[in-house]
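Below is one structure; the comments refer to it alone.
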Amino acid sequence: MTSAGAHIKQPTPILHIDMDAFYASVAVRERPELWEVPVIVGGGYRGVVLSANYLAREHGVRSGMPATRARRMCPQAVVVAPDHELFGRVSTAVVETFRRVTPLVEVVSLDEAFLDVSGSVRRLGPPAEIAEQVRATIHDEQAITCSVGVAATISVAKLASKRAKPDGVVVVPPEGITTFLHPLDVGELYGVGEKTRAMLHRLGLVTVGDVAHTPVRTLQRAVGDHLGRHLHELAWGDDRREVVAGSSGAFGLGGGEPDRSMGAQETFGRDVDDRTVVLRELLRLTSTVTGRMRVAGVAGRTVTLTVRFADFTTITRSRTMSEATDVTQEVYRTATALYDALGLQRARLRLVGVRVEGLAPRESVHHQHVLGEREHGWSEADRAVDRAARRFGSAAVRPASLLS
DNA sequence: TCTGGGGTCCTAGGACCC
DNA sequence: TCTGGGGTCCTAGGACCC
């Protein structure tokens, strides 16, 4: 920095990079005959759309939409099953490209990352040029496109990348932040979903500018203390969060915070009212979860059971144990007790789920339960199963009730 | 054939403790 | 005595994000 500018605080240049229709783009790349057809990824039986290319979006198809509805909207679309392994490989390669720009890469999900490029400007040029370089590299190496938002804060960079879609760059200079933000719909703000947007609209707060010019107390009464304050700050572009190298999502890409909970849930192909079937599913889900816990070297104290009924109403029941555990049988026993305490008769269930919370490194917690010393050797059994699964694959070893 | 699966965080009430 | 005031933990639900 020159001496003349030394007293001027340079805004930290942050890039938000978002792959365009990631899953759909990768799917089309693998099957060039789909290049000019509407494509939907996901959408199996009782499923939702994971991703849709822009041709499908022209018909109103959106990710998260029930697959049935998407197919009605766009019957000519080709539906492709997701290949998560492939998506993972492409994502890893893309992140590698980012890391050649700067080590300060915060991976949000498979298709999204923040880059703090303040240390790269001298080497690579202004942020807008870096954005174009990254886009060209991704396109050359992966044959898919991405969009980039450039701004001084994380939240504005994210909104800018959305504005840049598809296949573009939008730079929001510091002096242009409120001009950029205030015309946007409140629903664009991070943390404002369908419900909060409707609530704010009912109050006559339609744009980000409206929120910016509303007293914090009023916002807090409407949406709660925390969110009210947060939204007021975001509406003025006030966001002090920094880019943290590593993963802020649950993708195990390293460097980020450890998981606070691990869980698994499953929607049945058809609604189920048979206790035996429900318990068998709970055992399967539990062994998946505890297996992942043991791989991660964590144990947890609180078990939460989720039950979704045929009418989509969903309840949770949880129990906190005196000691943390990673033992399949202990988590399963707790989940079963929670299920039986519901006293369901012939209720038809659409989904069940198991989650373990309060995770801590296994070495840091009390030992009896974790090591299963006073129990029935279940912990040893788990570890034997883990070893066998590593050698022969997870299909090779499973509880007897899960056979067939 | 309406509505997946992986998470995080907040709120609010009650219990309990000091 | 006539009703404090936190702080923490637990539980249930809900909103949100990717």
Side-chain angles (χ1 to χ4, degrees), chain A residues 16 18-19 21-23 40-51 62-73 79 81-82 84 87-88 91 106-114 154-155 158 161-162 187-200 220-231 247-253 256-271 285 288-289 292 296 301-322 338 341-342 350-359:
Chain A
H16 179 250
D18 202 341
M19 310 307 295
F22 181 57
Y23 293 0
I40 293 170
V41 178
Y45 183 70
R46 286 192 150 181
V48 298
V49 175
L50 292 177
S51 177
R62 295 287 180 274
S63 56
M65 176 181 285
T68 48
R69 196 168 153 226
R71 304 200 69 156
R72 269 201 308 275
M73 293 179 110
V79 179
H84 292 288
F87 300 150
S91 177
E106 180 168 337
V107 178
V108 180
S109 67
L110 285 188
D111 68 339
E112 203 183 311
F114 292 101
I154 279 184
S155 59
K158 182 157 169 79
S161 72
K162 189 170 182 187
E188 300 290 323
L189 291 178
Y190 191 92
V192 178
E194 202 183 331
K195 307 282 181 178
T196 305
R197 177 175 182 270
M199 160 71 78
L200 294 170
Q220 288 177 317
R221 273 195 298 274
V223 301
D225 284 358
H226 189 92
L227 189 57
R229 174 164 301 284
H230 182 64
L231 295 185
S247 169
S248 57
F251 290 88
L253 297 169
E257 297 288 306
D259 283 336
R260 295 177 174 277
S261 70
M262 290 188 188
Q265 59 180 51
E266 170 96 347
T267 296
F268 296 115
R270 308 176 47 182
D271 296 340
L285 294 168
T288 299
V289 172
R292 282 168 49 210
R301 284 182 61 212
T302 303
V303 176
T304 300
L305 170 78
T306 301
V307 169
R308 175 170 294 154
F309 298 99
D311 69 356
F312 220 74
T313 58
T314 308
I315 60 171
T316 62
R317 291 293 180 271
S318 62
R319 180 170 299 176
T320 299
M321 302 172 288
S322 56
L338 289 166
L342 290 174
R350 181 188 177 89
L351 166 150
V352 289
V354 178
R355 177 163 294 278
V356 181
E357 299 168 61
L359 301 185

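Just so it is clear: chains get the letters A, B, ... in the order the sequence lines come, proteins before strands, and each one is counted from 1.
Where pairing requires Watson-Crick or G-U contacts shorter than 3.5 Å, the helical stems of DNA chain B with at least three consecutive pairs are B:5-18 with C:5-18.
Comparing B:dC16 with C:dG4, their C1' atoms are spaced 16 Å from each other, to the whole Å.
Across A:Val303 and A:Leu338, no two heavy atoms sit closer than the pair O-CD1, 3.6 Å.
We find that CG of A:Leu351 is positioned 17 Å from C1' of B:dT1, with the value rounded to whole Å. Atom CZ in A:Arg355 sits roughly 13 Å away from atom C1' in B:dG4 (whole-Å rounding). Atom CG of A:Leu342 and atom P of C:dA12 are 10 Å apart (whole Å). Atom CD in A:Glu194 sits roughly 17 Å away from atom P in B:dT3 (whole-Å rounding). In this entry the distance linking CG of A:Asp311 with C1' of B:dT3 reads 12 Å, nearest Å. The CZ atom of A:Arg270 sits 12 Å away from the C1' atom of B:dT1 (whole-angstrom rounding).
Take A:Lys195 and apply the salt bridge (Lys or Arg N to Asp or Glu O under 4.0 Å) test, not counting sequence neighbours, and it matches no residue. Under the side chain to side chain donor-acceptor pair (under 3.5 Å) criterion, A:Ser318 pairs with no residue, sequence neighbours left out. For the salt bridge (Lys or Arg N to Asp or Glu O under 4.0 Å) test, residues two or more places apart in sequence or in another chain that qualify with A:Arg197 are A:Asp185. Here A:Thr196 pairs with nothing under the side chain to side chain donor-acceptor pair (under 3.5 Å) rule; sequence neighbours left out. With sequence neighbours excluded, no residue satisfies ring pair (Phe, Tyr, Trp, His ring centres under 6.0 Å) with A:Phe22. For A:Ser161, the side chain to side chain donor-acceptor pair (under 3.5 Å) partners are A:His16, not counting sequence neighbours. Annotation: salt bridge (Lys or Arg N to Asp or Glu O under 4.0 Å) contacts of A:Arg317 (sequence neighbours excluded): none. With sequence neighbours excluded, the residues that form a side-chain contact (heavy atoms from CB on, under 4.5 Å) with A:Ala113 are A:Phe98, A:Val105, A:Leu115. The side-chain contact (heavy atoms from CB on, under 4.5 Å) search around A:Arg46 returns A:Thr267, A:Asp271, A:Arg350, not counting sequence neighbours.
An OP1 or OP2 oxygen of B:dC2 is reached within less than 4.0 angstrom by no side-chain nitrogen or oxygen of A:Arg46. For A:Arg71 and B:dT1, the shortest distance from a side-chain N or O to OP1 or OP2 is not below 4.0 Å.
Listed nucleotides B:dG4, C:dA12, B:dG6 differ in distance to A:Thr316; the shortest reach to its side chain belongs to C:dA12. Of all nucleotides listed (B:dG6, B:dG4, B:dT3), B:dG4 comes nearest to the side chain of A:Thr267. The listed nucleotides are C:dC18, B:dG6, B:dT3; the one nearest the side chain of A:Glu112 is C:dC18. When the nucleotides B:dG4, C:dC18, B:dC2 are ranked by their closest atom to the side chain of A:Leu50, B:dG4 comes out on top.
Salt-bridge formation is not detected for the pair A:Glu357/A:Arg301: no Lys NZ or Arg NE/NH1/NH2 atom is positioned less than 4.0 Å from an Asp or Glu carboxylate oxygen.
A:Gly44 comes within 4.0 angstrom of no nucleic acid atom, judged by non-hydrogen atoms across all strands. Nucleic acid contact for A:Arg69: none, since no nucleic acid atom lies under 4.0 Å from a heavy atom of the residue. Residue A:Met262 is classed as a sugar-phosphate contact, given heavy-atom separations below 4.0 Å to backbone atoms only. Among the atoms of the strands shown, only primed sugar atoms or phosphate atoms (P, OP1, OP2) are found under 4.0 Å from some heavy atom of A:Arg308. Using a 4.0 Å heavy-atom criterion, one finds that A:Ser63 contacts no nucleic acid atom at all. Across all strands shown, A:Ile315 has heavy atoms under 4.0 Å from sugar-phosphate atoms exclusively, and none from any base.
If A:Ala264 and A:Val223 are placed on DNA chain B by their nearest nucleotide, the residue sitting closer to the 5' end is A:Ala264. Closest-nucleotide positions on DNA chain B for A:Ala67 and A:His226 were compared, and the one nearer the 5' end corresponds to A:Ala67.
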Under 3.5 Å, which protein N or O atoms sit close to an N or O of nucleotides 8-11 of chain C? Give each pair with its distance.
from   : atom 1 : to       : atom 2 : distance (Å)
C:dC10 : OP1    : A:Arg301 : NH2    : 2.9
C:dT11 : OP1    : A:Thr320 : N      : 3.4
C:dT11 : OP2    : A:Thr320 : N      : 3.2
C:dT11 : OP2    : A:Thr320 : OG1    : 2.3

Protein-nucleotides 15-17 of chain B N/O pairs under 3.5 Å:
none

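Taking the O4'-C1'-N9-C4 or O4'-C1'-N1-C2 dihedral as appropriate, B:dC2 has a value within 90° of 0 and is therefore syn.
Of the inter-residue distances, the one linking A:Leu110 atom CG with A:Ser51 atom OG reads 11.5 Å to the nearest 0.5 angstrom.
A 4.5 Å side-chain heavy-atom check between A:Lys158 and A:Ser155 finds every atom pair outside the cut-off.
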